[in-house]
Amino acid sequence: MEIIQAVRGTRDILPQEVRLWQQVEASAREILGRANYQEIRTPILELTELFARSIGSATDVVGKEMYSFSTRGEQEVSLRPENTAGVVRAYIQHGLQMAGDVQRLWYCGPMFRYERPQAGRQRQFHQLGVELLGSRDPRADAEVIALAWDLLQAVGAENLSLRLNSLGDPQDRRAYRQALVDYLTPLREKLDPDSQERLTRNPLRILDSKDPRTREIAEGAPKLPDYLSPESRAFFEQVQDHLQRLDIPYQLDPYLVRGLDYYTHTAFEIVSPDLGSQSTVCGGGRYDGLVEELGGPSTPAVGWAIGMERLVLLLQKKQGEIPPALVEVYVISRGAKAEAQSLRIAQALRQAGFCTELDLSGSAFGKQFKRASRSGATWAVTLGDAEAVAGEVQLKHLPTGQQQTLLQADLVKYLASHSRQGYGVPR
RNA sequence: GCGGGCGUAGCCAAGCGGUUAAGGCAGAGGAUUGUGGAUCCUCCAUUCGUGGGUUCGAGUCCCAUCGUCCGCCCCA
């Protein structure tokens with residue numbers, strides 16, 4: 001019989017790894033919660049047009065990486081390749097701009113892009129992101145960046161650097177794009193094939209090329225910062241001032257161009273040299289035009305997304321595995337009557353807040369004790385025929401080997417007063 | 001989408017054309033049929049991702065396919 005395996009580019013996150021994910025999610029909840037960001041959950045499925053209009057139909061993400069299909073009602077839908085579009089759609093649809101001038105939102109969930117899988121790049125991957133809607137204050141940019149930075153520090157990611165750039169407003173960008181095309185067109189033949197292709201599709205990307213000859217040409221190209229309007233430049237400087245006041249180190253990178261069409265002004269990435277070719281852990285920026293573009297009121301906004309798989313990869317490299325939660329009580333039973341009582345006892349312990357494992361094997365006491373030891377439990381509760389008849393249990397403190405007989409009715413109370421963990425605190 | 005590396009048990013692996021596929025970890029059973037992490041013994045791949053081909057003979061060579069990894073593209 002042929003084994004069915006997970007779809008290419010998707011993978012299972014097994015319990016051991018899930019613990020790391022939960023740790024990251026818990027930190028995010030805490031750090032973002034303290035800044036009064038509210039979690040939002042939007043559908044994984046959206047109308048294809050939403051992404052075409054927001055991300056840009058000329059981008060690779062929309063052009064060739066989307067999981068798109070028609071539903072029976074003949075709607076064209078896609079699995080979301082990122083979540084800013086969905087959050088903005090929800091913002092507009094529910095009139096969240098009415099609920100306060102600023103909305104601070106965060107999310108975490110699966111995204112889908114049909115790409116060639118690689119380490120740190122799956123077809124189904126997960127992003128944790130924030131969106132701050134309704135402010136054009138440069139403190140908003142800095143706040144959002146600071147939160148990403150704090151979160152990454154809090155979970156223990158190391159060796160990160162923040163790269164920062166400004167794309168200016170749409171006019172600035174258009175002017176720069178033209179200047180760049182004017183500069184590059186005569187040199188077209190000297191560019192690598194990919195970059196020649198990009199010259200018409202996405203010229204700004206050429207600056208980021210890894211081809212050495214193209215890089216050399218890019219060196220002499222007009223620089224984007226020179227094309228920023230005085231207002232754009234002043235705004236960017238304020239963002240930087242705030243980052244400096246927060247002691248967040250950054251490097252200006254005039255070649256940093258975010259791929260999605262909606263970005264304006266601030267663009268940033270947090271990268272790690274430990275991730276190989278997929279080095280971006282977090283990417284984001286300002287997108288002042290997007291809400292309006294999607295039919296909402298003109299609303300400035302900033303946000304970012306962290307690639308969960310990449311972050312987890314980084315943390316795994318550094319700290320290895322997280323030990324599982326410890327079993328506190330291990331319930332051993334043998335014989336029909338004892339086995340019949342064992343589950344009730346285990347449930348009572350659980351209801352009292354003890355992490356309790358019930359041995360289901362029915363094998364010899366010796367074997368069950370062996371498993372009890374291996375489970376890391378502090379206590380073994382043993383129930384054989386004799387105890388079952390008498391309404392008792394043997395309670396053994398595994399670290400010391402001391403054992404005593406207790407009435408079943410007294411077990412929970414006894415453990416509650418002799419165990420440091422968890423009485424009356426259901427977990 | 002393009003170029004390249006790799007696929008032997010749940011995990012880490014040896015094997016590099018010649019009868020029976022090392023070893024370790026994990027797991028199961030026993031020594032110990034009511035008491036534990038130590039020790040000892042036994043078991044645990046009719047088969048080397050899958051399908052073809054070459055050969056007297058293939059885990060070993062070739063082709064295809066699937067998966068994975070690295071680079072490009074793109075991006076978190």
Side-chain angles (χ1 to χ4, degrees), chain A residues 2-11 14 16 55 59-65 81-84 108-129 148 152 192-195 197-198 201-202 205-206 208-211 214 256-260 268-272 275-285 303-314 330 332-335 338 359 361-377 379-388 394-403:
Chain A
E2 184 140 339
I3 290 166
I4 296 174
Q5 27 183 355
V7 170
R8 178 166 158 87
T10 70
R11 63 188 201 101
L14 300 177
Q16 191 176 290
I55 300 170
T59 60
D60 280 11
V61 170
V62 169
K64 46 190 203 192
E65 294 174 359
E82 55 96 58
N83 203 28
T84 298
C108 182
M111 309 293 158
F112 302 83
R113 291 181 200 172
Y114 191 87
E115 296 183 272
R116 180 86 150 235
Q118 223 173 302
R121 191 174 74 185
Q122 280 82 45
R123 288 180 175 180
Q124 175 178 340
F125 61 105
H126 298 76
Q127 287 186 340
L128 190 161
L152 293 169
D192 62 282
D194 278 328
S195 292
E197 155 75 23
R198 282 184 285 213
R201 215 182 65 244
N202 194 352
R205 279 244 141 241
I206 297 174
D208 222 8
S209 172
K210 283 167 191 159
D211 182 84
T214 301
L256 172 66
V257 179
R258 311 258 61 244
L260 314 184
F268 70 95
E269 281 185 350
I270 298 174
V271 298
S272 163
L275 281 173
S277 155
Q278 262 60 50
S279 61
T280 305
V281 180
C282 175
W304 49 252
I306 284 175
M308 286 290 285
E309 280 80 0
R310 292 180 187 177
L311 177 54
V312 166
L313 224 50
L314 225 49
Y330 195 93
I332 290 169
S333 62
R334 188 153 163 83
D359 193 307
S361 69
S363 51
F365 282 106
K367 294 292 170 197
Q368 296 195 52
F369 268 94
K370 193 169 275 195
R371 281 189 216 102
S373 295
R374 254 178 259 168
S375 77
W379 304 95
V381 168
T382 309
L383 202 59
D385 288 330
E387 290 83 1
Q394 299 294 330
L395 177 67
K396 186 167 188 174
H397 185 245
L398 291 167
T400 59
Q402 282 179 7
Q403 182 165 300

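Chain letters run A, B, ... following the sequence lines, proteins first and then strands; every chain starts at 1. Heavy atoms only: backbone and side chains are in, while hydrogens, waters and symmetry mates are out.
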Return the nearest nucleotide to the side chain of [X]; candidates are [options].
X: A:R334; options: B:U35, B:U33, B:A76; value: B:U33
X: A:T280; options: B:G3, B:C74, B:C75; value: B:C75
X: A:R113; options: B:G1, B:C75, B:C73; value: B:C75

Counting only Watson-Crick pairs (N1-N3 plus N6-O4 or O6-N4) and G-U wobbles (N1-O2, O6-N3), all under 3.5 Å, who is the partner of [N]?
N: B:G23; value: B:C12
N: B:A58; value: none
N: B:C44; value: none
N: B:G51; value: B:C63
N: B:C2; value: B:G71
N: B:G17; value: none

In whole Å, what separates the [atom1] atom of [N] from that of [M]?
N: B:C62; M: B:C70; atom1: C1'; result: 24 Å
N: B:G3; M: B:C61; atom1: C1'; result: 24 Å
N: B:C74; M: B:G53; atom1: C1'; result: 39 Å
N: B:C12; M: B:C72; atom1: P; result: 26 Å
N: B:G27; M: B:A9; atom1: C1'; result: 11 Å
N: B:C25; M: B:G1; atom1: P; result: 44 Å
N: B:G17; M: B:A28; atom1: C1'; result: 37 Å
N: B:C48; M: B:A31; atom1: P; result: 37 Å

Look at the side chain of [X] and the base of [N], then say whether one donor and one acceptor between them are separated by less than 3.5 Å.
X: A:R121; N: B:C74; answer: yes
X: A:S373; N: B:G37; answer: no
X: A:Q403; N: B:U35; answer: yes
X: A:K396; N: B:G36; answer: yes
X: A:E387; N: B:G34; answer: yes

Interatomic distance where [atom1] belongs to [X] and [atom2] belongs to [N] [whole Å]:
X: A:E197; N: B:C73; atom1: CD; atom2: P; value: 13 Å
X: A:K370; N: B:C40; atom1: NZ; atom2: C1'; value: 11 Å
X: A:D60; N: B:A76; atom1: CG; atom2: P; value: 12 Å
X: A:E65; N: B:C74; atom1: CD; atom2: C1'; value: 5 Å
X: A:D208; N: B:C72; atom1: CG; atom2: P; value: 11 Å
X: A:L311; N: B:C75; atom1: CG; atom2: C1'; value: 16 Å
X: A:Q5; N: B:G10; atom1: CD; atom2: P; value: 13 Å
X: A:F365; N: B:G30; atom1: CZ; atom2: C1'; value: 19 Å

[X] near the nucleic acid: base, sugar-phosphate alone, or nothing, with a heavy-atom cut-off under 4.0 Å?
X: A:A386; answer: base
X: A:G401; answer: base
X: A:I332; answer: nothing
X: A:R371; answer: sugar-phosphate
X: A:D385; answer: base
X: A:E82; answer: nothing
X: A:Q368; answer: nothing
X: A:A305; answer: sugar-phosphate
X: A:A119; answer: sugar-phosphate
X: A:R198; answer: sugar-phosphate
X: A:R205; answer: sugar-phosphate
X: A:G9; answer: sugar-phosphate
X: A:G283; answer: sugar-phosphate
X: A:G284; answer: nothing

Could you state the interatomic distance from [atom1] ([X]) to [atom2] ([Y]), rounded to the nearest 0.5 Å?
X: A:Q127; Y: A:L311; atom1: CD; atom2: CG; result: 12.5 Å
X: A:K396; Y: A:I332; atom1: NZ; atom2: CD1; result: 8.5 Å
X: A:C282; Y: A:F268; atom1: SG; atom2: CZ; result: 4.5 Å

**Report entry** Pair A:E387, A:Q394: side-chain N/O donor-acceptor within cut-off below 3.5 Å
**Finding:** yes
Query raised in the report: Does any donor atom in the side chain of A:D359 or A:S361 lie under 3.5 Å from an acceptor atom in the other side chain?
Result: yes
Query raised in the report: Starting at the 5' end of RNA chain B, which residue's closest nucleotide do you reach first, A:P117 or A:G366?
Result: A:G366
Query raised in the report: Given that A:V281 and A:K210 both sit by RNA chain B, which one's nearest nucleotide is further toward the 5' end?
Result: A:K210
With a 4.0 Å cutoff (strictly under), does any side-chain N or O of [X] reach OP1 or OP2 of [N]?
X: A:S277; N: B:C72; result: yes
X: A:R374; N: B:G27; result: yes
X: A:Q118; N: B:U68; result: no
X: A:R8; N: B:U68; result: yes

Report summary line: side chain to side chain donor-acceptor pair (under 3.5 Å) test vs A:E309 passes for just one of A:Q124, A:R11, A:H126, A:R121, namely A:H126
Query raised in the report: Would you say the side-chain atoms of A:Q368 pair up with the backbone N or O of A:S363, donor to acceptor, closer than 3.5 Å?
Result: yes
Query raised in the report: Just by modelled atom types, is the A:R123 backbone N or O under 3.5 Å from a matching donor or acceptor in the A:R113 side chain?
Result: no
**Report entry** Test item: A:W304 and A:L128 side chains (from C-beta on) under 4.5 Å apart, heavy atoms
**Finding:** yes
Report task. Kindly state whether the pair A:F369 / B:G36 counts as stacked, where counting means centroids closer than 5.5 Å and planes tilted less than 30° apart. Result -> no
Query raised in the report: Do A:R205 and A:D194 meet the salt-bridge criterion of a basic N to acidic O distance under 4.0 Å?
Result: no
